[in-house]
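Take a look at the structure below.
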Protein chains: 2
Amino acid sequence: MTSAQPATAKGRETRERIIRAAASLVAERGVLGTSLDDVRARAHASKSQLYHYFADRDDLMRAVARAASDDVVGGQAGLFERLDTIDGLRAWAQALVTLQHTRNAKGGCPIGSLAGQLAEQDEGARLELADGLDRWETAIRQGLERMAARGELHPGADPSALAQNTLAAVQGGLLLTQVRRDPNQLRSALNGAMKAILAARAVS
Amino acid sequence: MTSAQPATAKGRETRERIIRAAASLVAERGVLGTSLDDVRARAHASKSQLYHYFADRDDLMRAVARAASDDVVGGQAGLFERLDTIDGLRAWAQALVTLQHTRNAKGGCPIGSLAGQLAEQDEGARLELADGLDRWETAIRQGLERMAARGELHPGADPSALAQNTLAAVQGGLLLTQVRRDPNQLRSALNGAMKAILAARAVS
DNA sequence: AGCGGACTGGACTGGCCGGTCCAGTGTGTG
DNA sequence: CACACACTGGACCGGCCAGTCCAGTCCGCT
């Protein structure tokens, strides 16, 4: 059974409120550190509302995984448009690093954190997270492909591989940032990824 | 209060057995998915033994984090010795990829997984994991430094930055591998890191 | 042998947690 | 306006879980 889709505006709002409450609690305390009573309290909802909109706890967590994917990828939408220039890539990388500074290097990447907690426990959640990573990597790849189409990368360059390595650098850099409480870990990892992209530029 | 150090050989063995049982359960079910009763059963120990050797649940999990660090870093000791040659680096990278194949791309990196579950909850555990990552990165850096000392890297090369980026590639690659259930994600990320090292070789 | 501390077994407790249930109240439609 | 159904409140239950407690047993040492 999957989550019941609300039939009214009010229902949709309640469902959203539950997911947002659950997502914020999960970000603070982790998946298993979040009880349905906690969610119920923060969402100002009752137990039966939770079970009206979600089949069970796992179903709710799947919705949280999807919401986290949407937030992370959606939050970068404006920056994604400019990933077809070196300046745009730098601006995007800088935004990620700045965000880690404002967060005091805490929390890491919501997708990455959830991956460690859900990937081995719930196949549906794993697929939601994989979808988020795919959308993220696609945005990077498409930026590089637009550069290639304009002849700004040399013919042998592989936008797919560069995008995949860049995403790996983001995730790895964020993990090191989180464990070491040092945003420079992400900056350095992104510098490395940037170098690979710069090396793929066409000699003009 | 920290864990009581056993005074006898028998005590040391019991303590070890508990940590191993806890570590394997945590690897299977996650930190909060593992109850002390589970640990007690798998370790063939009693509740009072758990509380004799560990102050509380968090203290045990800190010991698990340390054991995971030791296992991951210790398990690569033989490969670390040869990180001062391109062949040695390739062998090390290949071993990591092969391990993911044999594990069917499941589980990710024990240190990385625990990071997502413990880093924000328990400062002591975070420090144990940071220590594991430091030892790992140091091994890579020292290999590159030996290459540099032999004049095989060009003078501008930065072994510290290369080692840090390589570790980020490993962690990011493992996360992508785990979420996508595809060991090639790690292989590709390591290829990227390798390229950066190859580009830093002295022109001979 | 016998002392003291390290070590062990396992019953017990109070609280929390996922999930159920039912008696309602709102609300859009015919 | 009335009917059906979406939605809501909250009491309740059985099970699990971290942590406590005490009555022991083992073991090194003198």
Side-chain angles (χ1 to χ4, degrees), chain A residues 1-26 28-65 117-118 121-122 124-125, chain B residues 1-26 28-65 117-118 121-122 124-125:
Chain A
M1 173 182 175
T2 176
S3 353
Q5 282 307 312
T8 71
K10 196 176 174 188
R12 233 167 296 129
E13 196 194 300
T14 302
R15 200 184 120 100
E16 275 305 307
R17 209 170 60 242
I18 293 171
I19 294 176
R20 275 200 307 274
S24 66
L25 282 162
V26 166
E28 290 166 24
R29 314 180 194 173
V31 171
L32 281 155
T34 300
S35 77
L36 295 187
D37 266 346
D38 296 337
V39 174
R40 189 195 51 67
R42 183 167 296 189
H44 301 291
S46 70
K47 213 66 176 290
S48 48
Q49 283 172 296
L50 261 60
Y51 281 88
H52 184 73
Y53 294 111
F54 304 95
D56 55 18
R57 194 177 188 284
D58 287 348
D59 191 34
L60 173 59
M61 290 305 162
R62 242 168 277 143
V64 167
Q117 299 173 67
L118 293 174
Q121 321 299 327
D122 186 290
Chain B
M1 173 178 176
T2 177
S3 353
Q5 282 308 311
T8 71
K10 195 176 173 188
R12 234 167 296 129
E13 197 194 298
T14 302
R15 201 184 120 101
E16 273 306 306
R17 210 171 59 242
I18 292 171
I19 293 176
R20 274 201 308 274
S24 66
L25 282 161
V26 166
E28 289 166 25
R29 315 181 193 172
V31 171
L32 282 155
T34 299
S35 77
L36 295 187
D37 267 346
D38 296 337
V39 174
R40 189 195 50 68
R42 183 167 296 188
H44 300 291
S46 70
K47 212 66 175 292
S48 49
Q49 283 173 295
L50 261 59
Y51 281 88
H52 184 74
Y53 294 110
F54 303 95
D56 55 19
R57 194 177 188 285
D58 288 347
D59 191 33
L60 172 60
M61 289 307 161
R62 242 168 278 142
V64 167
Q117 299 173 67
L118 293 175
Q121 322 298 326
D122 186 291

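All values below come from the heavy atoms of this structure, side chains included, with hydrogens, waters and symmetry mates left out. Chain naming here is simple, since letters A, B, ... match the order of the sequence lines and numbering starts at 1 in each.
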Measure the distance from [atom1] on [X] to [atom2] on [N] and round it to the nearest whole Å.
X     : N      : atom1 : atom2 : value
B:H52 : D:dT25 : NE2   : P     : 17 Å
A:R40 : C:dC16 : CZ    : P     : 13 Å
A:E16 : D:dC7  : CD    : C1'   : 17 Å
B:M61 : D:dA18 : CE    : C1'   : 11 Å
B:E13 : D:dC27 : CD    : P     : 12 Å
B:D38 : D:dA18 : CG    : P     : 8 Å
A:Q5  : D:dC5  : CD    : C1'   : 17 Å
B:R17 : C:dC7  : CZ    : P     : 13 Å

I'd like to check the side chain to side chain contact (heavy atoms under 4.5 Å, CB included) partners of A:L36; sequence neighbours left out, ordered by chain and number.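 Listed in chain order: A:K47, A:L50, A:Y51, A:R57, A:L60.
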Please tell me which of the listed nucleotides, [options], lies nearest to the side chain of [X]?
X     : options               : answer
B:Y53 : C:dC17, D:dT8, C:dT8  : C:dT8
A:S46 : D:dG10, D:dC7, C:dA6  : D:dG10
B:S35 : D:dA18, C:dC17, C:dT8 : D:dA18

List the protein contact pattern of nucleotides 19-30 of chain C with one symbol per nucleotide (5' to 3'): B for base contact, S for sugar-phosphate-only contact, - for none; contact means a heavy-atom distance under 4.0 Å. BBB----SS---
If you measure from OG1 on A:T14 to NE2 on A:H44, what distance do you get to the nearest 0.5 Å?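 Answer rounded to 0.5 Å: 12.0 Å.
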Nearest 0.5 Å please: distance from the OG1 atom of A:T8 over to the CZ atom of A:R15.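 A:T8 atom OG1 to A:R15 atom CZ measures 12.5 Å (nearest 0.5 Å).
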Look at the side-chain N and O atoms of A:Q49 and state whether any lies under 4.0 Å from the OP1 or OP2 oxygen of D:dC7.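 Indeed not, no polar side-chain atom of A:Q49 lies that close.
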Donor-acceptor pair, distance only, cut-off 3.5 Å: does the side chain of B:R17 make one with the backbone of B:A43?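 Yes, the answer is positive, given that a donor and an acceptor are paired below the 3.5 Å cut-off.
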Side-chain donor-acceptor contact under 3.5 Å, B:R42 with B:S24: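 A donor-acceptor contact under 3.5 Å links the two side chains.
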Residue met sooner reading DNA chain D from 5', once B:D37 and A:H44 are mapped to nucleotides: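 That would be A:H44.
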Specify the closest pair of heavy atoms between A:E28 and B:Q121, including all atoms of both residues, with the distance to one decimal.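 The pair with the smallest heavy-atom distance is O-NE2, 4.0 Å.
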Run the side chain to side chain donor-acceptor pair (under 3.5 Å) test against B:D38 and tell me which residues pass, sequence neighbours left out.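 Testing B:D38 for side chain to side chain donor-acceptor pair (under 3.5 Å), a comparison that skips the adjacent residues, returns B:R29, B:S35.
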